[in-house]
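Read the structure below first, then the notes.
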Amino acid sequence: MAILLKEINSIIDGKITGDESIGISNLAKIEEAQKGDLTFLYLQPYEKYFQVTKASAILVKEGFNKTRKDITYIEVKEPNKAFAKLVRHFFKPEFPLEGIDKTAFIHPEAELGNNISIGRNVVISKGCKLGDNIKIFHNTVLSDNVVIGDNALIFQNVSIREKCQIGKNVIIHPGTVIGSDGFGYNTDENGNYQKIPQIGIVIIEDDVELGANVTIDRAAIGATIIRKGVKIDNLVQIAHNVEVGENTVISAQTGISGSAKIGKNCILTGQVGMIGHITIADKVIILAQSGISKSISKPGIYFGSPAKELSVAKKIEAHIRNLPGYAEKINLLEKELAALKDEINNLKKQ
Amino acid sequence: MAILLKEINSIIDGKITGDESIGISNLAKIEEAQKGDLTFLYLQPYEKYFQVTKASAILVKEGFNKTRKDITYIEVKEPNKAFAKLVRHFFKPEFPLEGIDKTAFIHPEAELGNNISIGRNVVISKGCKLGDNIKIFHNTVLSDNVVIGDNALIFQNVSIREKCQIGKNVIIHPGTVIGSDGFGYNTDENGNYQKIPQIGIVIIEDDVELGANVTIDRAAIGATIIRKGVKIDNLVQIAHNVEVGENTVISAQTGISGSAKIGKNCILTGQVGMIGHITIADKVIILAQSGISKSISKPGIYFGSPAKELSVAKKIEAHIRNLPGYAEKINLLEKELAALKDEINNLKKQ
Amino acid sequence: MAILLKEINSIIDGKITGDESIGISNLAKIEEAQKGDLTFLYLQPYEKYFQVTKASAILVKEGFNKTRKDITYIEVKEPNKAFAKLVRHFFKPEFPLEGIDKTAFIHPEAELGNNISIGRNVVISKGCKLGDNIKIFHNTVLSDNVVIGDNALIFQNVSIREKCQIGKNVIIHPGTVIGSDGFGYNTDENGNYQKIPQIGIVIIEDDVELGANVTIDRAAIGATIIRKGVKIDNLVQIAHNVEVGENTVISAQTGISGSAKIGKNCILTGQVGMIGHITIADKVIILAQSGISKSISKPGIYFGSPAKELSVAKKIEAHIRNLPGYAEKINLLEKELAALKDEINNLKKQ
């Protein structure tokens with residue numbers, strides 16, 4: 001069922017060049033698009049597909065060089081965002097789940113709001129409080145006294161341990177664990193470790209999304225806090241008493257050690273590591289695989305293990321690549337210096 | 001119950017030196033083998049156990065120096081492969097599971113092939129299609145419209161989300177998540193992130209094995225694809241729209257960012273990270289903890305963060321270790337140069 | 001309900017300065033403590049909170065400079081350990097779970113000790129043997145012939161595969177997988193991988209704690225062994241045939257490759273990687289993100305990828321940061337040398 005291109009354009013308000021009366025039947029990536037599809041071009045590595053894409057229409061940046069005549073162009077400021085807007089408009093996924101399955105366990109002392117859907121074998125323990133319009137998929141377990149805000153979407157096989165608090169509009173992907181004990185021990189004189197009870201909780205504020213198989217430990221005392229709007233990718237580790245500031249984004253396999261405090265609107269890309277008890281300012285961007293061993297007090301881009309400001313890291317990396325050349329120069333200098341010494345000695349003898 | 005050594009040898013076709021009529025009751029590692037066991041020697045670090053192993057027989061490389069007289073040797077080209085062949089022959093694990101447990105949920109609109117075994121509390125949702133000879137262990141959840149090929153072996157607590165397609169002979173270990181949403185957002189002018197619906201799927205082709213607690217995200221649009229014969233180890237992260245080529249091996253805790261395209265017969269060792277939207281050629285080997293920030297267009301071995309060809313990386317690492325020496329040499333050069341300047345000045349005064 | 005400060009002090013035996021008759025109603029972190037709370041000061045980054053904390057009493061190091069007059073001090077040798085002791089004394093968490101839930105499956109050929117609590121949908125398969133005083137939370141699955149020692153505490157959604165042996169007093173957090181197949185294959189001449197059956201087991205000795213979403217692979221043959229008192233953090237990967245020595249601590253996201261043997265009382269901090277078939281001595285400390293590519297034969301602190309002794313690594317890191325300066329010096333030396341050559345040539349002409 002095709003939709004007219006000009007109708008689609010009314011959602012994103014671009015400038016059409018070409019046939020605006022064609023019908024669009026699907027949205028597709030540039031390298032996979034077929035006749036009848038609308039695609040987009042944004043990143044440089046995909047420019048090579050422009051000449052060969054079978055798409056009937058393409059979202060491009062304003063001022064794009066429209067060399068092909070057999071395709072309809074929609075020029076917009078940011079083709080990726082315009083495309084995402086269309087995806088949101090036409091394809092919002094539904095995740096059907098209705099009612100409370102008879103195999104789910106709801107403790108008599110749990111409180112449930114309106115319009116709650118609970119899948120098979122879910123466990124809602126004593127003292128849990130659920131808001132309205134919540135979906136919890138199969139085999140997920142909420143321990144005692146967990147609180148879940150309105151509109152939460154919790155997928156299968158998730159574990160949320162006792163007393164943890166989840167805000168509104170939170171999405172949690174499968175296999176994620178919230179509220180496991182923090183990693184805290186004291187050693188005795190024989191090198192044996194004695195567990196420090198982890199009596200704090202985890203607070204996940206509104207609009208947070210947590211990926212799959214994420215782990216967020218409960219605080220030793222007090223709370224591990226994930227602030228409003230934070231987005232956390234798969235396999236990320238958040239240790240006890242960490243605080244992640246509003247709208248910070250943490251990519252896959254990053255690990256944050258205990259009591260670190262990360263600012264607002266930061267971006268931590270993949271496999272970043274951060275030691276404990278440090279503070280990261282707002283608007284800090286940390287590039288992949290970096291290791292953060294000290295507090296960062298000013299916004300900027302950081303890279304390396306140990307991490308440095310990106311401009312410094314890049315300069316040093318260039319020097320590292322030049323090391324073989326430097327070593328050669330040092331050798332040469334030594335030889336030339338020795339030769340000069342000889343010459344000077346000869347001169348002195350004259 | 002012992003088996004004659006010469007009977008065992010008929011499977012691997014080696015050259016026996018010593019008593020070929022002894023009975024072998026077990027296969028064991030060289031450092032743990034007891035009287036009556038057959039062991040093998042392949043890697044250098046284990047050579048120290050040769051003189052002390054209690055094994056009655058040992059698989060060794062052709063031409064091995066047979067200094068002990070109280071042990072029977074079987075010489076083969078590759079002792080590790082011969083040993084593995086014997087393990088496969090004598091010890092194929094069975095994973096017993098019979099029938100469809102009454103606590104499992106099979107949606108009336110799901111289609112099941114023949115000889116299907118489904119464990120307790122498993123959820124097979126609406127529209128799922130399962131081939132023949134499949135085992136799905138306890139508490140695993142298949143969301144709507146998942147397809148599973150013949151002979152799949154899926155362990156407990158696995159999550160496969162809607163529309164994902166799993167090929168034939170696939171093995172999936174516990175806790176693995178397939179089809180979680182890709183990590184895709186747009187920011188608005190206030191720094192708030194708006195989720196881009198992830199409307200694609202995951203395709204796992206035939207003969208793939210996925211370790212425990214792996215995460216493979218569904219595509220933003222189109223498919224995340226794991227090609228035939230790929231082997232993925234525990235805790236690996238595969239982001240949306242990634243494609244992993246045939247027979248590529250990915251070791252534990254490696255992370256592949258969105259839309260990266262990895263060739264065939266590559267080996268990614270542990271904790272490797274790869275940024276998005278890049279292409280890796282066939283037969284590329286990437287050593288542990290490397291960070292890949294650019295496309296790699298030719299086969300070879302790469303190492304480092306950022307990664308370089310191994311020969312380059314090794315040379316640079318050697319220079320880095322020499323840095324204290326270089327610094328000293330520079331100091332010395334400066335001093336000697338100053339001394340020469342003085343001498344020249346003296347000469348000029350003469 | 002407040003407890004007298006002097007009564008609290010009787011547990012930790014410190015030296016009180018100030019009003020010892022005040023009532024303490026809670027233990028809290030220094031930056032969050034309120035009137036009536038007891039807090040502690042140990043790490044340098046928290047000293048800034050001393051002047052502003054609202055706590056009524058504070059645990060400090062012996063000889064602390066007691067500048068505030070409106071707070072009661074308890075001086076002890078190690079305030080963090082004293083505080084942990086109080087947490088253990090007053091707040092031991094209970095994890096209530098009673099009896100064997102009717103939705104749990106206990107195979108008729110499983111053996112259960114006394115005082116066992118088993119949650120909803122738990123699967124205890126054929127041949128399992130459980131000791132006394134064990135708690136297993138909801139949706140956890142034990143495959144055939146698993147052994148669990150006395151006093152084990154196993155949280156929800158845990159997977160323990162066939163024949164694995166868990167000792168006494170072991171704690172396992174949600175989502176952890178024990179006994180998944182080791183990552184072992186042989187390649188054939190076409191580059192196809194053939195699975196080597198993993199017929200070994202995992203042995204977890206007494207007093208071990210495993211975090212959330214940890215993966216511990218079964219041995220190819222023999223056993224993967226986690227010795228007495230080991231503590232393993234979230235998302236750690238332990239490959240087949242690894243042995244971790246007594247009282248060793250492994251922080252989050254660390255990965256240990258196959259057949260590595262780690263000594264006693266080691267500390268591996270976060271995101272460390274270790275290649276296979278190497279041996280690490282007792283009392284080795286490896287700092288975050290390090291990559292261990294060789295055996296380590298003597299105690300000490302190591303850092304870097306590849307890892308070096310910390311003193312060496314620090315020296316090299318300092319030299320790396322100086323590289324831009326060294327490059328400049330080399331340039332300058334080259335120029336000065338050229339100038340000297342000219343001068344000498346001039347002298348020679350005279």
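Residue numbers start from 1 in every chain, and the chains themselves are labelled A, B, ... in the order their sequence lines are given, proteins ahead of strands.
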(Q) Is B/Val122 in contact with chain A via its backbone, its side chain, both, or neither, using a 4.5 Å heavy-atom distance? (A)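 For B/Val122, there is no contact with chain A at all, as no heavy atom is under 4.5 Å.
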Q | salt bridge (Lys or Arg N to Asp or Glu O under 4.0 Å) against A/Lys228, all qualifying residues, sequence neighbours excluded | A | A/Asp207
Taking side chain as everything from C-beta outward and backbone as N, CA, C, O, which of these in [X] sits under 4.5 Å from a heavy atom of chain B? Side chain, backbone, both or neither.
| X | result |
| --- | --- |
| A/Thr103 | neither |
| A/Phe137 | neither |
| A/Asn247 | both |

In terms of side-chain heavy atoms, does [X] have a donor or acceptor partner in [Y] at a distance below 3.5 Å?
| X | Y | answer |
| --- | --- | --- |
| A/Asn157 | B/Asn139 | no |
| B/Tyr185 | A/Glu209 | yes |
| A/Gln156 | B/Ser143 | yes |

Q.
Tell me if the aromatic rings of B/Phe105 and A/His138 count as close, with their centers under 6.0 Å from one another.
A. no
Tell me which donor-acceptor pairs under 3.5 Å the side chains of residues 320-337 of chain A have, and how far apart each pair is, sequence neighbours excluded?
residue, atom, partner, partner atom, Å
A/Arg321, NE, A/Glu317, OE2, 3.4
A/Tyr326, OH, A/His319, ND1, 2.7
A/Glu336, OE1, C/Lys341, NZ, 3.4

(Q) Just checking B/Lys308: does its NZ atom have more than 12 heavy atoms from other residues, nucleotides or ligands closer to it than 6.0 angstrom? (A) yes
(Q) Could you report the tightest heavy-atom contact between B/Asn241 and A/Lys29, atom names first, then the distance? (A)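 Looking at all heavy atoms of both residues, the closest pair is ND2-NZ, 3.0 Å.
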Q: Specify the closest pair of heavy atoms between B/Gly191 and A/Asn265, including all atoms of both residues, with the distance to one decimal.
A: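 Closest heavy-atom pair between B/Gly191 and A/Asn265: O-ND2, 3.5 Å.
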Q.
Go through it in stages, so that I can follow the logic: the residues are B/Asn192 and A/Glu246, the test is side-chain contact (heavy atoms from CB on, under 4.5 Å), and I'd like the CA-CA distance, side-chain angles, deciding distance and then a yes or no.
A. CA-CA 9 Å; B/Asn192 295 312; A/Glu246 268 185 40; 5.8 Å; no
Q | Gap separating the OG atom of B/Ser259 from the CD atom of A/Glu31, nearest 0.5 angstrom | A | 7.5 Å
